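Everything on this sheet refers to the single structure shown next.
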Number of protein chains: 4
Amino acid sequence: MSEEFTIRTFSSDEALVKERRNHIVRCSTKVFTKKGYDRTNMRELVKVCEMSAGTLYHYFGSKEEILYSIINSATSQQAGSMEDWANELATASPTIALVELMRKFYEWHDDNQNMTLFAYQETKNLPDNARQSIFDSEARILAVFEQLLTRGIEGGEFNIDDPKLIAHDIVVLGHAWALRRWHLRKHWTFKTYVKKQTDAMLRAITADKNTAVANKQRKESSK
Amino acid sequence: MSEEFTIRTFSSDEALVKERRNHIVRCSTKVFTKKGYDRTNMRELVKVCEMSAGTLYHYFGSKEEILYSIINSATSQQAGSMEDWANELATASPTIALVELMRKFYEWHDDNQNMTLFAYQETKNLPDNARQSIFDSEARILAVFEQLLTRGIEGGEFNIDDPKLIAHDIVVLGHAWALRRWHLRKHWTFKTYVKKQTDAMLRAITADKNTAVANKQRKESSK
Amino acid sequence: MSEEFTIRTFSSDEALVKERRNHIVRCSTKVFTKKGYDRTNMRELVKVCEMSAGTLYHYFGSKEEILYSIINSATSQQAGSMEDWANELATASPTIALVELMRKFYEWHDDNQNMTLFAYQETKNLPDNARQSIFDSEARILAVFEQLLTRGIEGGEFNIDDPKLIAHDIVVLGHAWALRRWHLRKHWTFKTYVKKQTDAMLRAITADKNTAVANKQRKESSK
Amino acid sequence: MSEEFTIRTFSSDEALVKERRNHIVRCSTKVFTKKGYDRTNMRELVKVCEMSAGTLYHYFGSKEEILYSIINSATSQQAGSMEDWANELATASPTIALVELMRKFYEWHDDNQNMTLFAYQETKNLPDNARQSIFDSEARILAVFEQLLTRGIEGGEFNIDDPKLIAHDIVVLGHAWALRRWHLRKHWTFKTYVKKQTDAMLRAITADKNTAVANKQRKESSK
DNA sequence: CATGAATGAGGTTTCATTCAT
DNA sequence: TATGAATGAAACCTCATTCAT
């Protein structure tokens, strides 16, 4: 089993380390996601972080560790938000919850378009254990959708074979808004994109009334 | 309007230029898509092409021009194949044609997984006019699906609001097989992935019988 | 004449300065002699000294001053020990005293192998006045042997042209045990090395009986 | 068993590689041995070699590889010379041969004083396999003296217990001229140093006449 | 047309030392 | 007195591209 990917620091003041790393991640995210990892050099990074190279290397051991932190921070923060939103919608009807959650998810990728592409680009080049950690956050996001879909199936509201795959499709179509903005922007605004994808998804997974009733009865009789 | 992205050569023997460029593109595709553009250096490129640096620079003006050629060659070749297949299926029923075309398209991305991610990664960094040329090929692929969907709608077989968006979704879910192989491979084989996505797509867009008849009539009465 | 090499401090409490400097020298000797001067950084030094960089720089003005102190401390301590031992052996027969003194000297270099090589390596790079100070201690060690040899000559026990050179050879062959351990360890243990070198030395410098008597007479008649 | 220490090159023209490496080694030896390995930077090295950094790194993979080449070149060249001289003296009497060989050996270290110290300093920091290769050359030099001493013993001319140790002492006292020049130069010129060490060595190892004759007879009777 | 040696700017990272706290 | 975060010059090495052969 591979060890956790660790980030070097020369400081032992945990609060300070956390603060400085946050600062560095926040500042470098912009330039990294805009220009790409390899095309951004440390000189530039240091400039946007408004610190000296030496200071930066007190809190990170390498450029790659910063890369990891940027992607990991974005992805795990996203996963956390999704889980929070899902909790808030735990009592809403699956349909309403799904619409809302998709909207939130798609909004995140609208707000962080560069990050979405950046994560696709650079996760590949991370060391195994670092990549695994990113994938874990990704999995949490997929799980949020999958659980909601499963709730809908159990309630008879949705009629889906493979909720895992549908969860995956929802996520991919959200990413697509960021990954393929050049094509999409020509034809749809963000609002219409979300609306249309949400509608299409609901149409595809909503059980028709007969089926819904049948499903519900089947569930209940099997208790 | 921006000028076309041109590729420098010192040779005037067009046939030779074409042959050498093909050779270079073919040889360097593998190493570029595997290791990434920035992480592949010219020394390695020259080695896999089995030529000297000087020769390579006779037929290409820069590393970036090779990058462009690789992506452009792959994308336009893909667009060409899609158009050919669509022509072959021009008389088939839209449903059958769609299933077949999706399978072909997904197979392409299964066979060229690295290329799919590579194109997403690197197209961004190309100069405007080069990027535009890639996008044009992408647009041809989308058009193939859109036209087929439109044919289905016109024939009353499909019931779709926005065939452009559906075409886009089909394409994105094909790309996903390559982009997200780490997640997908855990749960589905290529065959089941294609089957499930195709089925889901058909379920979502196929008009139920009543609707189909109604659609057809409406279409015809509006002529 | 060049000024003495001085070591900066920001403190005026002499006892504290002495204590702290001793501590630093003692702690850093190990890591310096093991890894080399240039390959040991201040971070590591500060860690083994269990103090902050700031504190360390209160008692030393630079890394080089620590280097000097380490070598000087070792060499002058060695010189002191040799002088003490020589005094203890002042009444022993020259032969016995020499055997004993060589053993002590060789033992020192067996116990401080890294230091011996380190002093050879780094003394060269010290500023002139610092180097001179090290050389003075070295000279004291040579003097101990030279005086003992001279006593033996005067007593007619040794038959030597140039006791200064013999003293030098004794010292060098002691250093060799530390400098050339990789070669020597293959063929000899420390014990046999000392025994053999001592025997060889005695054989080379001991006057045969006739010569011894003649020498003694010559000396006395020349008074 | 450890692999050989290899030196990277990007060229496949062996003759050119050899020539350039020779040039680099020759030029950088001076500056390296004068200032030390760590205190000499690549900028300076490149300047004295009159080439660009890129060119230098075509023929060596790292600064350390140059270090190795410098030491290895000097040591193996020295070993070669010693073997050649020993061959030329193969028919001379052991006493004459030893005197001559010592003179040659000491002259080498007089001519290459910086190198001698440099080799002692830096061999320690080389990787294992590189260090081993240096030690092998060292061993060849020791073997030259040991074989000569053994010839002298077999011919009854020398009376030595352990020729390996004597060989070692001869070598160390030669090195000492370079390592300890600051002390030695105060008291002896090179000529007198060689003369005195040679004389002392002969006195120590030459069998007295009775012993010599006895040795010879014993040898012959045992045939 | 083909070669591959040469370039040198620019890449990432380290380091001894200082000084505000 | 003691701390350790901050500095920024300078370290080693790589690279796309050229041009003499």
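The figures that follow rest on heavy atoms only: side chains count, while hydrogens, waters and symmetry mates do not. Owing to the predicted nature of the structure, the values given are computational and were not obtained by experimental measurement. So you know, we letter chains A, B, ... as the sequences are listed, proteins then strands, and number each from 1.
Among the atoms of the strands shown, none is found under 4.0 Å from any heavy atom of Leu16(C). Heavy atoms of Arg20(B) sit under 4.0 angstrom from primed sugar atoms or phosphate atoms, though from no base atom. Counting any heavy atom pair closer than 4.0 Å across all strands shown, Phe60(A) reaches no nucleic acid atom. Thr55(A) comes within 4.0 angstrom of a nucleotide base, judged by non-hydrogen atoms across all strands. Within the 4.0 angstrom heavy-atom criterion, only backbone atoms of the sugar-phosphate kind lie near Thr40(B); the bases stay farther away.
Nearest-nucleotide positions on DNA chain F for Phe10(A) and Lys63(B) put Phe10(A) closer to the 5' end. Take the nearest nucleotide of DNA chain E for Met51(D) and for Ser12(B): the residue whose nucleotide is more 5' is Ser12(B). Both Tyr57(D) and Tyr37(B) lie close to DNA chain F; mapped to their nearest nucleotides by heavy-atom distance, the more 5′-ward contact belongs to Tyr57(D). Comparing His58(B) and Met42(A), the nucleotide of DNA chain E nearest to each residue sits closer to the 5' end for His58(B).
Rounded to whole angstrom, the span from the CD1 atom of Ile24(B) across to the P atom of dC1(E) amounts to 13 Å. Going from atom CG of Asn41(A) over to atom C1' of dA9(E) covers 12 Å, rounded to whole Å. Atom C1' of nucleotide dT12(E) and atom CD of Glu44(A) are separated by 14 Å, given to the nearest angstrom. Taking atom CZ of residue Arg39(B) and atom P of nucleotide dT12(E), one finds them 11 Å apart after rounding to whole Å. When rounded to the nearest whole Å, the span between NZ of Lys47(A) and C1' of dT12(E) equals 16 Å.
Smallest separation of non-hydrogen atoms from Val46(C) and Ala53(C): CG2-CA, 3.6 Å. Scanning both residues, Val31(C) and Glu44(C), for their nearest heavy atoms gives CG2-OE2, 3.5 Å. Of all heavy-atom pairs between Ala74(C) and Met115(C), the closest is CB-CE, 3.6 Å.
Taken to the nearest 0.5 Å, the CD atom of Glu64(A) stands 10.5 Å off from the CD1 atom of Ile7(A).
Bracketed by its first and final contacts, the part of DNA chain F lying under 4.0 Å from non-hydrogen atoms of chain C reaches from dT1(F) to dG4(F) in 5' to 3' order.
Taking five base pairs at each end of the helix from dA2(E)-dT21(F) to dT21(E)-dA2(F) and finding the rotation axis that steps the C1' atoms of four pairs onto the next four gives two axes whose angle is 0°, to the nearest 10°.
Residue Tyr37(C) is tested with Phe32(C), Tyr68(C), Phe118(C) for a ring pair (Phe, Tyr, Trp, His ring centres under 6.0 Å); the sole match is Phe32(C).
A donor-acceptor pair under 3.5 Å is absent between the side-chain atoms of Ser133(A) and the main chain of Asn129(A), judged by distance alone. Judged purely by atom type and a 3.5 angstrom limit, Arg21(B) has no side-chain atom pairing as donor or acceptor with the backbone of Phe60(B). In this structure, the side chain of Arg39(C) does not engage the main chain of Lys34(C) through any donor-acceptor pair within 3.5 Å. Distance alone, capped at 3.5 Å, places no donor-acceptor pair between the Arg131(B) side chain and the Asn125(B) backbone.
Side-chain N/O atoms of Arg8(A) include one lying less than 4.0 angstrom from OP1 or OP2 on dT14(E). The side chain of Arg43(B) contributes no N or O atom lying less than 4.0 Å from OP1 or OP2 of dG4(E).
Classified by interplanar angle (parallel below 30°, tilted 30° to 60°, perpendicular above 60°), the ring pair Phe10(B)/His58(B) is perpendicular.
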